[in-house]
Amino acid sequence: DGAALRRLTNTVAGAAGPAEAAPIIDGAPRTGRARPVVTPIDASVIGSVIEADSATASLAMEAATRGFPGWMRTCAAERAGCLERAAEAFRREKGRLLHLLQVEAGKTLDDALAEWREAIDFLRYYAAQGRHLFAEPQSLPGPAGEVNSLRLVGRGVFVAVSPWNFPLAIFTGQVAAALMAGNAVVAKPAPQTPLVADLAVRLLHGAGIPSGALHLVPGGPEIGAALIGHPALSGVVFTGSTATAQRINRALAARDGAILPLIAETGGINAMIVDATALPEQVADDVVTSAFRSAGQRCSALRLLVVQEDVADRMIAAVAGAARELAIGDPRDLATDLGLVIDAEAKKRLDAHIAAMKATARTHFAGVAPGGLYVAPHIFEIGAVADLRQEMFGPILHVVRYPANSLTRVIEEIRAGGYGLTLGIHSRIEEAAERIAEALPHGNVYVNRNMIGAVVGSQPFGGTGLSGTGPKAGGPHYLFRFTTERTLTVNTAAAGGSVGLITLD
Ligand code: UN1
């Protein structure tokens, strides 16, 4: 039961001592002034972090530059083997990882478990993909007397910048992909969640990832800027806000020298369109899961419910009824559906939005939250799709009604917003769902189900436009963007028929 599992995770975590995080460069944790890490649950201290300064960020980039050539030449099977062993280590350390996800990120047990599994899935998936992709150079046709081959190779030093809302799964997914593709990695976790990232890096090193190939640099945006401005940079993988991705993009564009790739997965004002043929009970269930699970702190979460006016009152009542049943409270209690938000800043932003909505929109549901960093679920009706122009990263659902004959206009309004991450469609008319999906640029479209929790390998995840660059995480094309291609053409006649490559060490 919940209490037993909580005791177990606490015991395992306690046995390991207090959690600490520090920059890890060439396998060695750096010393320095530590600041306490507090849990969003009750603001008690759960560990400490030594954050990097810009000199440390440079050291990490230089160490990664030295680590890159050896790792790039390590064969694909060995690189994949490291990730697979790391997956096993993550399995063994379930107790500590779940504990940290709960106390550091305030996750419910369901969310922590799902995230822990997703991290393991990423490790195994990219290992399996990479084993196959990087195994052998691909031979290509050519004229007689000539041998052509194409080979995928790592680009160099990748900087991985990850968010607090999936501090294990996205952190691990970015790092695993960049490593599998043969890059050295400098990883910067979100400032709110350094502890679980530190443990993940130790497990990866323990599984055989060379200390020169993976470095950890905890810190805030200024450290991210130092890493991205460093001359040794070869590429960036980023998940977080659209505004930050745009800043990274500008910083990359302003550099002199090589033109570098940015792989970004950002936000969305994700809509679900519900027509008059949809089943109200199913809609209620899927809307509540999509809008309120994880306290709405997923980039995939539903923000805007767009419902045909003929059934709007019924649908909204069903959704509000289901929302009323949600238990808000301590994320460590098994009965809890909805935990808290990540920090005081997030709460302030959400509270201000709720206050503004209460003054200008129609309130269909306002939940009650305990004190602290809890934000109750809310449902507001707004006049038009265009009235919501900002992603609100919390348990707040906005509703818009549309007359049956204005669906085309509603679709156009959603498109005009510029985001393209997740899209939900509830309709029992098959062609309707197809027509809507075709008219919009969204990367992940969910029909007659909830719209969160993309599964690695089954639902490759990522958006377009303001929502990201692609390729999709957990999909078959993700690893390509982390690589560059080398075409080798050898005139075999001149070499006397034997082709070999000299390896430089
Ligand atoms: C994010 O919230 O930053 O499908 C992205 C999902 C998750 C979303 C991850 N893969 O809900």
Side-chain angles (χ1 to χ4, degrees), residues 101 105-108 110-123 125-126 160-177 187-193 196-197 237-245 248 263-272 286-303 337-339 341-342 346 350 391-397 419-424 442-447 449-475 478:
L101 286 171
K107 298 231 161 190
T108 62
D110 273 355
D111 280 348
L113 271 167
E115 174 160 11
W116 168 75
R117 285 196 196 103
E118 188 177 9
I120 293 169
D121 286 349
F122 275 132
L123 287 164
Y125 181 78
Y126 295 135
V161 180
S162 49
W164 51 261
N165 71 332
F166 285 91
L168 182 64
I170 293 182
F171 178 87
T172 304
Q174 292 178 342
V175 166
K188 192 196 86 62
Q192 294 90 339
T193 52
V196 72
V237 55
F238 168 79
T239 301
S241 72
T242 301
T244 304
I248 295 174
I263 303 165
E265 201 260 277
T266 62
I269 299 184
N270 309 309
M272 180 190 280
D286 292 340
V287 166
V288 164
T289 300
S290 306
F292 302 134
R293 178 145 183 205
S294 316
Q297 298 177 109
R298 290 181 181 239
C299 58
S300 53
L302 168 62
R303 311 290 177 204
D337 297 306
L338 203 85
V341 299
I342 189 69
L350 293 165
E391 179 185 36
M392 276 295 143
F393 217 66
I396 305 171
L397 177 66
Y419 287 99
L421 194 50
T422 61
L423 171 70
H442 292 64
N444 286 71
V445 182
Y446 294 99
V447 180
R449 54 151 281 174
N450 72 60
M451 49 197 274
I452 61 167
V455 173
V456 173
S458 302
Q459 290 133 10
F461 188 80
T464 67
L466 292 173
S467 299
T469 58
K472 286 165 174 289
Y478 193 59

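Keep in mind the model is a prediction, meaning the values are calculated, not measured. Counting convention: from 1, in listed order, for ligands and their atoms alike.
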So which protein heavy atom does atom 10 (N) of ligand 1 come closest to, and at what separation?
Glu118 OE2, 4.0 Å
Counting non-hydrogen protein atoms only, what is the nearest one to atom 9 (C) of ligand 1? Give residue, atom name and distance.
Phe166 CE1, 3.7 Å
Considering all heavy atoms of both residues, which atom of Thr242 and which atom of Tyr419 are nearest to each other, and what is their separation?
OG1-CE2, 3.6 Å
In short, Pro189 meets Ser162 closest at the heavy-atom pair CA-OG, 3.6 Å
Interfacing atoms of ligand 1 (cut-off 4.0 Å, heavy-atom, Gly453):
4 (O), 6 (C), 11 (O)
One pair to check against side chain to side chain contact (heavy atoms under 4.5 Å, CB included): Arg293 and Thr108. What are the steps and the verdict?
CA-CA 9 Å; Arg293 178 145 183 205; Thr108 62; 5.5 Å; no
Test your reading of the structure: does Phe393 have an N or O sitting under 3.5 Å from an N or O of ligand 1?
no
For ligand 1, which atoms have a heavy atom of Ile452 less than 4.0 angstrom away?
4 (O), 11 (O)
Should you measure from each heavy atom of Ser300, which atoms of ligand 1 turn up under 4.0 Å away?
4 (O), 6 (C), 8 (C), 11 (O)
Check Phe238 against Thr266 and note the closest heavy-atom contact, atom names and distance.
CE2-CG2, 4.2 Å
Would you sort out whether Met272 and Thr422 count as a side chain to side chain contact (heavy atoms under 4.5 Å, CB included), showing the intermediate values?
CA-CA 9 Å; Met272 180 190 280; Thr422 61; over 6 Å; no
Below 4.0 angstrom from a heavy atom of Ala454, which ligand 1 atoms are there? Numbered from 1 as shown, please.
4 (O), 6 (C)
If you measure from each non-hydrogen atom of Thr422 to ligand 1, which part falls under 4.0 Å: side chain, backbone, both or neither?
neither
To the nearest 0.5 Å, atom CE of Met451 lies from atom OG1 of Thr289 at 12.0 Å
Report yes or no: does Glu265 have a heavy atom closer than 4.0 Å to ligand 1?
yes
Within residues 160-169 or reaching into it, pairs that qualify as salt bridge (charged side-chain N to carboxylate O under 4.0 Å, His left out) - sequence neighbours excluded:
none
Assign the ring pair Phe393 / Trp164 to parallel, tilted or perpendicular, where the plane angle (0 to 90°) is split at 30° and 60°.
perpendicular
Counting only nitrogen or oxygen atoms and a 3.5 angstrom limit, does Cys299 reach ligand 1?
yes
For ligand 1, does Asn165 get within less than 4.0 Å through its side chain, its backbone, both, or neither, judged by non-hydrogen atoms?
side chain
In ligand 1, which numbered atoms sit nearer than 4.0 Å to a non-hydrogen atom of Phe461?
4 (O), 5 (C), 8 (C)
